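Comments concern the structure below.
So that the names make sense, note that chain A is the first sequence line, chain B the second, and so on, each numbered from 1. This one's a predicted model, so the numbers in the text were calculated from it and none came from an experiment.
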Amino acid sequence: MRFTKFFIPTLREIPTEAEAISHKLLLKAGYIRQLASGLYIFLPLSWRVLNRINRILNEEMVAINAQEITMPILHPAEIWQTTGRWYEIKEEMFRLKDRGGRDMCLGMTHEEIMTWLASKEIRSYRELPQIWYQIQTKLRDEARPKSGILRTREFIMKDSYSFDMDEEGLERSYNLHANAYHKIFTRCGLKFFKVESDPGMMGGACAHEYMAPSPAGEDDIVICDKCGYIANIEIAKSIPSLNQKLQWELEEIFTPEKRTVKEVSEFLNIDPSFFIKSLLLISSEGYVLALLRGDQDLHEKKLTKIIGPFRIAQKEEVLSHLNVEAGFIGPVGYKGRIIADLSLKEGVYITGANKMHYHIKGVRPEIDFSAEWHDLHIACDGDHCPNCSNTLRIEKAIEIGNIFKLGTKYSIPLNALFLDNKGVERPMIMGSYGIGPARVAAAAVEQNHDEDGIIWAKAIAPFDIEILPLNMSDKNTVELADALYANISEIYNSLTDRNLDVLLDDRNVRPGVKFKDADLIGIPIQIIIGERSLKNNYIEVKRRRTKETFKIPIKQAEAEIVKIYYETD
RNA sequence: CGGGGCGUAGCGCAGUCUGGUAGCGCACACGGUUCGGGACCGUGGAGUCGGAGGUUCAAAUCCUCUCGCCCCGACCA
């Protein structure tokens with residue numbers, strides 16, 4: 001491809017709205033443009049990247065016997081009503097009516113539609129298992145689109161769905177996907193973790209996410225470097241570091257106007273970890289007192305799983321229910337349901353005395369009060385691993401893929417049934433598996449860039465090699481550039497089953513502009529043809545990532561270039 | 001949805017407080033000199049100052065409403 005025939009609108013200055021590195025670089029290097037909040041145009045360069053990613057997706061899906069199909073984006077409401085998601089999902093679903101007044105929606109995902117198809121077409125266990133996938137646009141009216149193409153309202157997703165006759169089959173399909181995903185992300189040159197995740201509204205028992213560590217990520221993952229425990233903070237377990245056991249006697253202490261853990265802790269000069277934080281909550285079944293160690297925070301999702309939806313009581317509600325202000329409440333003497341974090345089970349603590357301006361010191365859990373014990377806290381840096389008790393660390397990450405065991409969540413309501421080998425009608429056991437190619441691309445940029453621009457992995461770069469003829473008015477330069485361009489483009493790239501894609505920067509611009517743009521765009525190999533080196537019968541080959549340059553005699557140019565290309569990481 | 005910020009030429013910004021003929025840099029077009037890390041000189045084109053209403057002799061500037069975009073949080077199948 002010749003640069004002058006290809007639309008690459010690089011910018012000298014970055015629009016202010018860009019914050020994330022991938023957003024800035026993709027804008028600056030001429031890969032994307034924003035149409036509106038959460039809506040992006042993929043320009044020729046980024047479309048090439050996405051196509052390369054999609055090609056990898058296709059190859060690895062086919063390798064596990066998945067079959068590509070394509071589904072409508074516009075869906076009738078009825079199917080979503082059947083599974084209930086029409087009602088469960090709120091503003092995040094784009095809804096509309098057709099001219100006949102029928103309710104429709106734009107697909108946020110395709111469990112319903114895929115299951116509908118299976119229910120219509122599959123009758124017998126002999127037709128199972130099936131894995132169907134598509135690379136298809138999804139639409140979600142995100143509350144807050146952000147970070148360029150990391151979180152958008154319209155995005156392409158590779159989504160696959162497995163249909164099996166039993167749990168064993170699901171296990172197989174799930175593992176096939178896990179293996180395929182491992183290969184896909186590795187081929188795309190990403191650093192990533194497979195983490196345990198919250199199945200959430202997808203239902204089902206088991207789910208994992210593929211997480212690419214990056215400061216731009218929206219998720220926090222908890223990592224144990226020793227035993228390999230990795231989980232999304234949404235579900236991560238952790239053991240907080242233990243306090244030394246103090247020999248306090250039970251006593252009331254005067255703490256005038258000291259309400260928060262921080263205030264009391266500073267007032268008494270005692271570390272917050274020796275406090276019990278008491279939160280009065282209101283669930284559908286009434287008041288609940290939740291207890292956490294003073295240095296920890298409540299994990300609302302964990303608690304929701306135990307007591308259902310709840311909210312934190314307002315100041316006035318605390319006062320009327322307990323006759324004491326929120327800052328002085330505690331479990332001792334509390335009559336009602338108490339749920340406490342496991343880390344409080346041992347030790348001696350200070351907590352509210354249920355009496356204005358007093359706290360109580362020397363409280364021993366299980367002796368001075370009883371509670372239901374659960375994991376309620378948010379794991380934090382420095383906590384210990386639930387498996388091996390090594391120290392945990394927390395890292396930000398981009399969710400680039402996920403795999404879910406769905407079970408019968410969709411097959412039962414949508415009647416996706418089959419007859420087994422005994423003639424018994426049973427629901428199909430399903431799984432669903434997603435990858436966001438644009439997120440893969442963005443994560444790749446987040447993880448691979450320097451101060452000059454993007455550094456693409458070879459497998460997903462928009463081009464393999466860029467030729468930079470520095471002086472387009474020099475006949476020798478142009479002739480050599482044209483010859484190399486023609487010949488290298490014909491060379492077969494056995495790694496990815498295609499010819500090498502070469503970009504020839506044939507613009508009549510100053511060398512500095514070509515160098516800057518080449519580094520910005522991030523093609524793995526640059527071939528620099530300058531008059532200076534031409535006089536001495538060599539050209540230069542430069543690796544984008546390391547900036548190493550090689551002087552190559554013109555006579556052996558093609559062979560050497562290809563060799564360097566293959567030897568580049 | 002709560003909090004914060006910003007909308008002035010394609011991009012980056014000044015001008016707004018204190019109302020008085022809309023500016024700068026880059027980019028773009030033309031001419032010339034340049035040509036190994038975003039050149040220089042000259043000339044030129046380009047703006048409903050996000051939109052609507054109001055105050056005023058006069059509004060980018062003051063007031064009211066509204067739309068859009070970004071960031072933090074909530075949410076995220």
Side-chain angles (χ1 to χ4, degrees), chain A residues 9-20 23-24 27-30 33-40 80 83-93 105 107-112 114-115 138-148 150-153 155 157 159 161 197-204 207 209 216-219 232 234 300-301 304 311-312 399 402-404 406 409-410 432-434 436 439 451-453 468-474 477 505 507-521 526 528-535 539-540 542 547 549:
Chain A
T10 59
L11 302 172
R12 186 175 287 220
E13 284 165 304
I14 305 169
T16 29
E17 67 260 20
E19 190 80 11
H23 190 193
K24 286 181 181 170
L27 277 174
K28 188 169 188 220
R33 287 295 182 265
Q34 183 179 32
L35 173 65
S37 182
L39 298 174
Y40 282 83
W80 287 81
T83 60
R85 290 212 286 184
W86 177 264
Y87 310 104
E88 285 164 30
I89 297 165
K90 308 224 163 67
E91 295 134 308
E92 206 156 319
M93 180 185 271
C105 64
M108 337 181 41
T109 175
H110 281 80
E111 280 80 14
E112 273 80 357
M114 287 278 182
T115 312
K138 313 287 179 202
L139 291 118
R140 296 180 189 175
D141 195 359
E142 288 287 348
R144 184 146 92 83
K146 58 184 288 197
S147 308
L150 276 176
R151 186 168 205 82
T152 54
R153 293 192 292 177
F155 57 95
M157 186 158 127
D159 48 326
Y161 304 84
S197 76
D198 184 353
M201 301 266 295
M202 291 292 263
E209 288 165 339
E218 299 182 86
D219 288 270
N232 193 309
E234 295 293 325
E300 300 195 5
K301 279 195 176 161
T304 303
R311 64 179 176 85
I312 293 175
E399 183 186 350
N402 53 41
I403 53 179
F404 288 97
L406 297 175
K409 182 178 161 82
Y410 299 94
S432 95
Y433 318 87
R439 279 195 178 176
E451 61 284 355
D452 293 314
L468 308 180
L470 295 186
N471 183 0
M472 288 302 289
S473 5
D474 178 60
T477 301
D505 191 348
R507 292 176 300 170
N508 197 0
V509 295
R510 298 170 66 81
V513 175
K514 294 194 182 191
F515 287 131
K516 286 286 183 190
D517 276 346
D519 286 348
L520 185 59
I521 291 165
Q526 298 171 11
I528 298 153
I529 306 175
E531 288 169 280
R532 192 198 288 164
S533 52
L534 223 46
K535 275 188 198 127
I539 56 169
E540 288 158 78
K542 182 178 138 192
K547 307 221 162 139
T549 61

Worksheet item: Rounding to a whole Å, what distance do you find between A:Arg144:CZ and B:rG3:C1'?
Response: 11 Å
Worksheet item: If you pin A:Met93 and A:Leu470 to their nearest nucleotides in RNA chain B, which one's is more 5'?
Response: A:Leu470
Worksheet item: Using a cut-off of 4.0 Å on non-hydrogen atoms, how would the nucleic acid contact of A:Ser147 be classed: base, sugar-phosphate, or nothing?
Response: sugar-phosphate
Worksheet item: Tell me: CG of A:Asn508 to C1' of B:rG38, nearest whole Å?
Response: 15 Å
Fill in: Nearest to side-chain heavy atoms of A:Arg140, which nucleotide of B:rC71, B:rA39, B:rA77
B:rA77
Worksheet entry | Between B:rG37 (C1') and A:Lys547 (NZ): distance, integer Å | 10 Å
Fill in: Whole angstrom value for the distance that separates P of B:rA39 from CZ of A:Arg507
12 Å
Item to complete: Between B:rG45 and B:rG31, how far apart are the C1' atoms? Round to whole Å, please.
Response: 15 Å
Worksheet item: Within the structure shown, what part of the strands sits under 4.0 Å from A:Lys146 by heavy-atom distance: base, sugar-phosphate, or nothing?
Response: sugar-phosphate
Practice prompt. Have a look at A:Asp452 and say if it touches a base, only the backbone sugar-phosphate, or nothing, with a 4.0 Å heavy-atom cut-off.
Written response: nothing
Practice prompt. Using a heavy-atom cut-off of under 4.0 Å over every strand shown, decide if A:Leu520 touches base, sugar-phosphate, or nothing.
Written response: base
Worksheet item: Is any side-chain N or O of A:Glu540 under 3.5 Å from a base N or O of B:rG36, one able to act as donor and the other as acceptor?
Response: yes
Practice prompt. State which of B:rG36, B:rC69, B:rG25 makes the closest approach to the side chain of A:Glu17.
Written response: B:rC69
Worksheet item: Is A:Thr16 touching bases, backbone alone, or none of the nucleic acid, heavy atoms closer than 4.0 Å?
Response: sugar-phosphate
Practice prompt. Could you check which of B:rA77, B:rG36, B:rG38 has an atom nearest any side-chain atom of A:Arg85?
Written response: B:rA77
Worksheet item: Knowing that exactly one of A:Lys409, A:Glu112, A:Glu88, A:Glu111 qualifies, which makes a side chain to side chain donor-acceptor pair (under 3.5 Å) with A:Thr83?
Response: A:Glu112
Response to the item:
Quick note, A:Ile89 side chain, CB onward, closest among B:rG36, B:rA77, B:rC75 is B:rA77
Worksheet entry | Side-chain H-bond candidate by donor/acceptor type, A:His23 with A:Lys146, under 3.5 Å | no
Practice prompt. Take atom CD of A:Glu300 and atom C1' of B:rG73, then tell me their distance rounded to the nearest Å.
Written response: 12 Å
Worksheet item: Roughly how far, to the nearest 0.5 Å, is the CG atom of A:Asn508 from the NZ atom of A:Lys514?
Response: 7.0 Å
Discussion item. Does A:Gln34 reach a base, just sugar-phosphate, or nothing at all? Heavy atoms under 4.0 Å.
Written reply: sugar-phosphate
Fill in: Sugar-phosphate, base or nothing in reach of A:Lys138, heavy atoms under 4.0 Å
nothing
Worksheet item: Between A:Arg510 and B:rG36, is there a side-chain N or O to OP1/OP2 distance below 4.0 Å?
Response: no
Worksheet item: Taking any strand in view, what nucleotide pairs with B:rG42 in a Watson-Crick or G-U wobble way, both distances under 3.5 Å?
Response: B:rC30
Item to complete: Could you grab the distance from atom CZ of A:Arg33 to atom CG of A:Leu27, nearest 0.5 Å is fine?
Response: 6.0 Å
Worksheet item: Hey, what do you get for CG (A:Asp141) to CD1 (A:Ile89), rounding to the nearest 0.5 Å?
Response: 12.5 Å
Fill in: A:Glu218 CD: over 12 foreign heavy atoms closer than 6.0 Å
yes
Discussion item. Distance check needed: B:rC70 P versus A:Ile14 CD1, whole Å only.
Written reply: 16 Å
Discussion item. Between B:rC40 and B:rG5, how many Å separate the two C1' atoms, rounded to a whole number?
Written reply: 39 Å
Worksheet item: Looking at B:rA27, B:rA77, B:rC13, which one has an atom nearest to any side-chain atom of A:Arg12?
Response: B:rA27
Item to complete: Name the nucleic acid region contacted by A:Ala36, choosing base, sugar-phosphate or nothing; use a 4.0 angstrom heavy-atom cut-off, strictly under.
Response: sugar-phosphate
Worksheet item: Is a donor-acceptor contact shorter than 3.5 angstrom present between the side chain of A:Ser37 and the base of B:rG68?
Response: no
Worksheet, complete the sentence: Closest non-hydrogen contact found for A:Ser533 with A:Glu540 is OG-OE2, 4.0 Å
Worksheet entry | Distance-only donor-acceptor test, A:Asp517 side-chain atoms vs B:rG38 base atoms, 3.5 Å | yes
Worksheet item: Which whole-number value in Å describes the distance from A:Leu39 CG to B:rG68 C1'?
Response: 13 Å
Fill in: Side chain of A:Glu13 (C-beta onward), nearest among B:rC35, B:rG25, B:rC71
B:rG25
Discussion item. Distance check needed: B:rC75 C1' versus A:Glu399 CD, whole Å only.
Written reply: 14 Å
